Amino acid sequence: MAVAFHALNTPAGLKKLDEYLLTRSYITGYQASKDDITVYSAIPSAPSSDLVNLTRWFKHIDALLRISGVTGEGSGVTIVGFAPVSGAVATPPTAAADDDDDDDVDLFGEETEEEKKAAEERAASVKASSKKKESGKSSVLMDVKPWDDETDMKKLEEAVRGVEMEGLFWGASKLVAVGYGIKKLQIMLTIVDDLVSVDTLIEERLTVEPINEYVQSCDIVAFNKI
């Protein structure tokens with residue numbers, strides 16, 4: 001059963017997610033899945049340590065992505081809105097509206113057969129559109145490597161996040177020690193497959209002037225369809 005979360009870029013949204021994970025190891029089911037990747041990508045940065053359940057889950061998914069990736073399909077998850085909304089788990093508004101419409105038809109019998117058929121077709125259309133939208137996105141974990149230990153990593157990250165494309169959404173990031181005082185930037189991004197090619201993003205945007213002043217190369221660590 002699909003679940004929805006609200007405003008994961010706000011303290012209130014993260015607190016609700018922390019409460020949701022109190023009795024769960026994963027977003028849905030009993031193994032890491034694409035649902036976990038979807039939620040992980042929607043969180044702007046590593047959560048505060050006082051959110052114990054969320055921090056435990058976040059570190060676990062982060063480790064899985066770096067080591068082996070995540071292949072489970074999941075049950076489906078939606079991130080709704082960007083303003084604080086009460087309730088961490090809810091039915092998407094459109095689906096709820098359709099359910100209400102169907103309830104009205106079943107309980108009161110005031111709809112004609114033509115209206116019932118139209119409502120069913122509308123619900124099927126919304127469902128198909130939702131599936132198409134979900135299947136058309138991917139979550140990517142990327143390593144961005146600097147030239148040397150003298151590279152300003154703050155400016156490197158600013159330059160990377162400064163790349164804007166339709167269908168490209170930057171997510172959480174962190175610096176990872178490589179050795180000899182050198183650190184690499186590990187960053188999550190979500191792309192709309194029909195609009196963004198990761199190879200093109202790297203070759204034509206992230207490793208050319210002026211960003212190549214900071215970026216030496218980029219590697220794809222994990223790539224998962226959402």
Side-chain angles (χ1 to χ4, degrees), residues 5-14 17 34 36-48 51 54-55 58-59 61-66 69-70 77-84 133-226:
F5 298 96
H6 297 268
L8 296 184
N9 59 336
T10 69
L14 293 177
L17 178 56
K34 293 177 182 178
D36 294 278
I37 298 298
T38 299
V39 176
Y40 180 98
S41 302
I43 299 175
S45 60
S48 171
L51 298 173
L54 178 55
T55 297
F58 187 90
K59 289 182 177 179
I61 299 303
D62 183 72
L64 288 178
L65 288 173
R66 287 188 283 109
V70 174
V77 65
T78 304
I79 310 301
V80 183
F82 296 96
K133 182 178 181 181
E134 290 177 0
S135 65
K137 288 185 178 181
S138 296
S139 176
V140 184
L141 181 65
M142 181 185 297
D143 280 348
V144 183
K145 300 176 182 177
W147 287 102
D148 51 41
D149 60 339
E150 295 183 358
T151 300
D152 188 325
M153 296 303 292
K154 182 178 180 180
K155 290 184 177 180
L156 180 147
E157 181 170 358
E158 289 176 350
V160 170
R161 290 186 181 276
V163 174
E164 296 182 353
M165 299 174 62
E166 183 181 1
L168 169 64
F169 308 93
W170 296 107
S173 66
K174 65 180 179 180
L175 296 180
V176 179
V178 177
Y180 303 100
I182 300 175
K183 294 183 178 181
K184 64 183 178 181
L185 174 70
Q186 193 166 81
I187 189 167
M188 290 290 304
L189 56 143
T190 301
I191 61 170
V192 176
D193 297 332
D194 291 340
L195 300 177
V196 179
S197 161
V198 178
D199 289 337
T200 300
L201 172 65
I202 293 174
E203 295 172 4
E204 298 183 7
R205 304 297 293 273
L206 295 176
T207 55
V208 298
E209 295 182 353
I211 298 179
N212 63 0
E213 176 182 350
Y214 308 104
V215 176
Q216 186 268 334
S217 64
C218 300
D219 294 321
I220 299 173
V221 179
F223 192 107
N224 293 284
K225 294 288 185 181
I226 297 176

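Owing to the predicted nature of the structure, the values given are computational and were not obtained by experimental measurement.
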*Asks:* Using 0.5 Å steps for rounding, measure from the OG1 atom of Thr38 to the CZ atom of Phe5.
*Replies:* 10.5 Å
*Asks:* If the condition is side chain to side chain donor-acceptor pair (under 3.5 Å), which residues does Ser48 pass it with, not counting sequence neighbours?
*Replies:* Asp50
*Asks:* Just to verify, which of Val221, Val140, Asp62, Leu141 counts as forming a side-chain contact (heavy atoms from CB on, under 4.5 Å) with Met188?
*Replies:* Leu141
*Asks:* Looking only at heavy atoms, which two atoms of Phe223 and Ser138 are closest? And how far apart?
*Replies:* CE2-OG, 3.4 Å
*Asks:* Quick one: are Leu185 and Leu156 in side-chain contact, heavy atoms under 4.5 Å?
*Replies:* yes
*Asks:* Does anything in residues 212-223 pair up under side chain to side chain donor-acceptor pair (under 3.5 Å), and if so which pairs, sequence neighbours excluded?
*Replies:* Lys145-Asp219
*Asks:* Considering all heavy atoms of both residues, which atom of Arg205 and which atom of Ile211 are nearest to each other, and what is their separation?
*Replies:* O-CD1, 3.3 Å
*Asks:* Give me each pair satisfying side chain to side chain donor-acceptor pair (under 3.5 Å) with a member in residues 162-171, each pair once, sequence neighbours excluded.
*Replies:* none
*Asks:* Run the side-chain contact (heavy atoms from CB on, under 4.5 Å) check on Leu51 and Phe58 step by step: do they pass?
*Replies:* CA-CA 10 Å; Leu51 298 173; Phe58 187 90; over 6 Å; no
*Asks:* Would you call Gln186 and Met142 a side-chain contact if the rule is heavy atoms closer than 4.5 Å?
*Replies:* no
*Asks:* For side-chain contact (heavy atoms from CB on, under 4.5 Å), just list the numbers for Leu189 and Leu201, CA-CA rounded to whole Å, side-chain angles, deciding distance to a tenth of an Å, and then say yes or no.
*Replies:* CA-CA 11 Å; Leu189 56 143; Leu201 172 65; 3.9 Å; yes
*Asks:* What heavy-atom pair brings Leu8 and Pro44 nearest, and what distance separates the two atoms?
*Replies:* O-CD, 3.6 Å
*Asks:* Evaluate the side-chain proximity of Leu65 to Asn224: yes if any heavy-atom separation is below 4.5 Å, no if none is.
*Replies:* yes
*Asks:* Can you name the residues that form a side-chain contact (heavy atoms from CB on, under 4.5 Å) with Thr207, not counting sequence neighbours?
*Replies:* Ile202, Val215, Cys218
*Asks:* Closest heavy-atom contact between Leu168 and Val163?
*Replies:* CD2-O, 3.7 Å
*Asks:* For the residue pair Gly171 and Ile187, what are the closest heavy atoms and their distance?
*Replies:* O-CG1, 4.2 Å
*Asks:* Could you walk me through whether Ser139 and Thr190 pass the side chain to side chain donor-acceptor pair (under 3.5 Å) test, one step at a time?
*Replies:* CA-CA 5 Å; Ser139 176; Thr190 301; 4.8 Å; no
*Asks:* Identify the two heavy atoms, one from Pro47 and one from Leu54, that lie closest to each other, and give their separation to 0.1 Å.
*Replies:* CB-CD2, 3.7 Å
*Asks:* Report yes if the side chains of Lys183 and Val176 come closer than 4.5 Å at any heavy-atom pair, otherwise no.
*Replies:* no
*Asks:* Determine which pairs satisfy salt bridge (charged side-chain N to carboxylate O under 4.0 Å, His left out) with at least one residue from residues 148-157, sequence neighbours left out, and list them in order.
*Replies:* Glu157-Arg161
*Asks:* Mind running side-chain contact (heavy atoms from CB on, under 4.5 Å) on Ile191 and Lys137 for me, showing each step along the way?
*Replies:* CA-CA 6 Å; Ile191 61 170; Lys137 288 185 178 181; over 6 Å; no
*Asks:* Does Thr200 have any side chain to side chain donor-acceptor pair (under 3.5 Å) partners at least two apart in sequence or in another chain, and if so, which?
*Replies:* Ser197
